Visitor: 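Submitted below is the structure of interest, expressed as structure tokens.
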Protein chains: 2
Amino acid sequence: MNEETERRLTIDDVAKVAGVSRSTVSLVLRNSGLVSERTNIAVREAAERLGYVYNRTAAIRARHSYLVGIIIPDLTNPFYSELTAGVDQILNDSGWISLLGNSWESPASQEKILRRMHEQNVDAVIVCPVTAADHTAAENLTRSGLRVLQVLRRTEADTSYLGIDYSHGVALAVDHLFELGHTDIVLLGGDRAYSAATERYEGYMSSMRSHGLEPKHVPCALRRSAAADKVRELFDKQNRPTALICFNDVVAIGAMATLERMGLKVGRDVSVVGFDNVADAEFVQPPLTTVDTHARQLGERAAMLVLDSIQNGSSIAPTTIMETSLVVRDSTGRAPSRA
Amino acid sequence: MNEETERRLTIDDVAKVAGVSRSTVSLVLRNSGLVSERTNIAVREAAERLGYVYNRTAAIRARHSYLVGIIIPDLTNPFYSELTAGVDQILNDSGWISLLGNSWESPASQEKILRRMHEQNVDAVIVCPVTAADHTAAENLTRSGLRVLQVLRRTEADTSYLGIDYSHGVALAVDHLFELGHTDIVLLGGDRAYSAATERYEGYMSSMRSHGLEPKHVPCALRRSAAADKVRELFDKQNRPTALICFNDVVAIGAMATLERMGLKVGRDVSVVGFDNVADAEFVQPPLTTVDTHARQLGERAAMLVLDSIQNGSSIAPTTIMETSLVVRDSTGRAPSRA
DNA sequence: CTGAAAGCGCTTACAG
DNA sequence: CTGAAAGCGCTTACAG
């Protein structure tokens with residue numbers, strides 16, 4: 001940390017050593033083809049020798065900041081960390097870098113992050129909006145004049161959207177359980193307050209009806225412990241379901257743990273389907289049948305959409321929907337025969 | 001996205017509307033106490049009304065960039081996402097924002113990220129260095145003239161360091177198993193190529209010896225699947241251990257899944273101890289006994305150390321070590337009696 | 001192909 | 001307390 005003593009080198013220092021003008025150094029550093037091979041080399045050598053580091057912050061007239069924001073509700077959820085890793089990967093490959101913001105589902109926090117990213121002059125922001133029904137939060141996404149891509153959750157904000165076909169995903173789960181002979185299939189989790197939840201709900205309802213089955217939705221917070229509590233309630237009663245479709249894998253893992261503790265064998269006494277196909281899904285006991293939402297690829301796609309738009313100065317494709325796929329493991333099995 | 005048409009507002013626009021000079025607006029926006037209450041309000045109102053957003057990028061003469069980099073080897077590992085969430089939380093609370101970089105354990109990638117963060121003029125970078133024994137990578141950490149805090153892994157680079165007392169953590173695990181009557185205790189995972197691994201190894205060795213037990217280390221890559229493979233090998237033979245201390249929870253979860261598949265009951269036939277106390281540890285079957293490394297608090301502490309140093313213009317405390325604690329759950333039990 | 005000059009949107013002494 | 005001027009380290013027309 002010798003910033004205090006030695007000031008940071010500038011483009012002028014490089015110019016002096018290379019024996020060219022400041023403009024020329026600037027052109028070389030930005031890989032402009034305009035400069036002769038000889039000058040090019042001389043400048044690069046000088047920069048290297050001096051240990052010069054480009055100061056992008058000072059390039060306020062440049063077209064891009066090479067910063068893209070990514071705002072998610074909970075980095076601690078493995079689905080979101082996969083998604084974020086996907087975004088980061090693609091951004092890095094193209095020379096951009098990610099500004100991270102974890103909103104913890106708080107509209108106020110999302111606001112603060114969004115504004116700070118704007119202040120940092122990001123080229124775009126990829127945001128998975130908070131679920132709280134906060135109109136201001138949604139509006140601010142558009143009002144800002146920023147390039148915004150909403151992911152996973154569609155709010156009223158009129159921005160581009162990259163989503164998942166949740167409805168179809170849930171239908172895959174219902175079909176799978178129906179084929180195994182299940183009829184009492186509960187949807188566990190979600191509160192229908194935001195698109196990712198309502199879409200699942202609608203997919204569940206229509207798919208159940210098309211099979212002539214009675215739907216039953218049990219809302220539940222998206223934490224392992226909340227799921228554990230709900231399941232205890234649900235299975236304490238007489239009319240136990242034979243199958244659970246969980247809002248996501250985190251809920252499913254919480255549910256399974258409780259079922260096993262209650263002495264119910266998952267995959268035999270009760271079938272459980274998760275959603276997301278998180279890394280652990282394969283390694284819990286029993287391995288979890290789940291709807292894969294391809295988090296990593298989703299993140300990668302988000303970054304690509306945004307970079308495309310930045311580099312071409314075009315707007316982001318208004319709507320992109322990605323498909324899910326069912327991964328069958330041991331947490332689902334034939335419905336137990338009614339005694 | 002009307003940047004194309006409407007240019008971004010500047011401090012001068014605000015000044016004109018508020019009827020003051022550019023300097024005054026600048027002072028107000030930075031909460032300088034020098035400005036009168038009346039002027040303060042007038043300027044803020046004007047800014048608000050116009051929808052002005054401060055352009056921090058242009059403040060190249062300002063003392064801070066309000067950017068702090070965080071470089072980790074794998075965001076997908078729940079330990080690191082907790083850590084990152086902790087860092088992000090504290091930074092946000094203080095008005096800073098995190099630049100994320102996922103190195104995937106690649107020295108080249110770490111280099112690239114580090115340089116890009118430097119170019120973005122970060123106030124500091126918190127880095128969990130790649131494990132590959134790459135001297136250049138380590139040296140570059142110091143050479144850069146950046147404010148750097150190494151976390152978890154200590155390289156040759158002469159920077160400040162925030163770590164965990166791994167050695168003591170492993171000793172806690174060995175003691176616990178010893179008290180349960182175990183004598184054949186294997187350390188699974190780690191390759192001793194970097195500090196976080198050697199420290200665990202040394203803690204294991206000395207603790208085993210102090211109990212008069214024969215140590216046995218089985219190296220293993222830190223992925224669930226690699227752990228699964230190693231365990232299959234290890235338990236295919238005659239001389240099976242009765243207990244496993246795993247490098248981290250991810251390894252433990254992979255190991256447990258395999259053991260159960262082989263028909264061994266974890267907590268009865270074999271005891272398994274993890275490391276980290278990841279969120280899932282409580283919810284796998286059986287719940288995992290593990291050494292809690294307090295990832296979230298570690299991240300928070302890292303951010304605090306760095307912010308302190310930025311705000312006071314001082315250097316970061318050279319060494320900080322945090323303690324672990326043992327969380328006993330059901331994956332460990334009394335050693336099976338020898339037939 | 002290269003350089004001198006003006007400019008980006010802020011901050012920082014310096015006067016008053 | 002406030003403003004005019006110079007400055008930060010780059011980029012961008014514009015000449016030649």
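Values reported hereafter were calculated over all heavy atoms of this structure, with side chains retained and with hydrogens, waters and symmetry mates removed. None of the values given here were measured: they were computed from a predicted structure. Protein chains get the first letters and strands the later ones, always in sequence-line order, with residue 1 at the start of each.
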Visitor: Check whether B/Thr155 reaches the backbone of B/Ala157 with its side chain - one donor and one acceptor, N or O, closer than 3.5 Å.
Guide: yes
Visitor: Return the value, rounded to whole Å, for the distance between atom CG of B/Leu27 and atom P of D/dC1.
Guide: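 Interatomic distance, CG of B/Leu27 to P of D/dC1: 12 Å.
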Visitor: Before you tell me yes or no, could you show the steps for B/Asn92 and A/Arg116 under side chain to side chain contact (heavy atoms under 4.5 Å, CB included), namely the whole-Å CA-CA distance, both residues' side-chain angles and the distance that decides it to 0.1 Å?
Guide: CA-CA 9 Å; B/Asn92 266 297; A/Arg116 228 168 259 159; 3.3 Å; yes
Visitor: Is atom CG of B/Asp308 surrounded by more than 12 heavy atoms (other residues, nucleotides or ligands) closer than 6.0 Å?
Guide: yes
Visitor: How would you label the contact of A/Thr39 with the nucleic acid (heavy atoms, under 4.0 Å): base, sugar-phosphate, or nothing?
Guide: sugar-phosphate
Visitor: Check the distance between D/dG16's C1' and A/Leu34's CG and give it to me in whole angstrom.
Guide: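 After rounding, the reported distance stands at 15 Å.
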Visitor: Should B/Thr24 be listed as having a side-chain N or O under 4.0 Å from OP1 or OP2 of D/dG3?
Guide: yes
Visitor: May I ask you to verify if any side-chain N or O of A/Ser36 is less than 4.0 angstrom from the OP1 or OP2 atom of C/dC1?
Guide: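 Result: no.
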Visitor: Can you list the stems that DNA chain D is part of, where a stem is at least 3 pairs in a row, each Watson-Crick or G-U, with both distances below 3.5 Å?
Guide: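 When the pairs of DNA chain D are grouped into runs of at least three, the stems are C:1-3 with D:14-16, C:5-12 with D:5-12, C:14-16 with D:1-3.
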Visitor: Do any N or O atoms from the side chain of B/Ser98 and from the backbone of B/Leu100 form a donor-acceptor pair under 3.5 angstrom?
Guide: no
Visitor: Measure from the side-chain N and O atoms of B/Arg30 to the backbone N and O of B/Ser26, and report whether any donor-acceptor pair falls under 3.5 Å.
Guide: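 Yes, the answer is positive, given that a donor and an acceptor are paired below the 3.5 Å cut-off.
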Visitor: For A/Thr159 and A/Leu149, indicate whether the former's side chain and the latter's backbone hold a donor-acceptor pair under 3.5 Å.
Guide: no
Visitor: Compare all side-chain heavy atoms of A/Ile164 with those of A/Ile321 and state whether any distance is below 4.5 angstrom.
Guide: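 Contact flag for A/Ile164/A/Ile321 side chains = no.
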Visitor: Between B/Glu105 and B/Arg153, does any NZ, NE, NH1 or NH2 come within less than 4.0 Å of an OD or OE carboxylate oxygen?
Guide: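 The answer is yes: the pair qualifies as a salt bridge.
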Visitor: Anything under 3.5 Å between a protein N or O and an N or O of nucleotides 8-10 of chain C, put it in a table, one pair a line.
Guide:
residue : atom : partner : partner atom : Å
C/dC8   : O4'  : A/Arg61 : NE           : 3.4
C/dG9   : N2   : B/Ala58 : O            : 2.9
C/dC10  : OP1  : B/Tyr52 : OH           : 2.9
C/dC10  : OP2  : B/Ile11 : N            : 2.8
C/dC10  : O5'  : B/Tyr52 : OH           : 3.3
C/dC10  : O3'  : B/Tyr54 : OH           : 3.3
C/dC10  : N4   : B/Arg22 : NH1          : 2.1

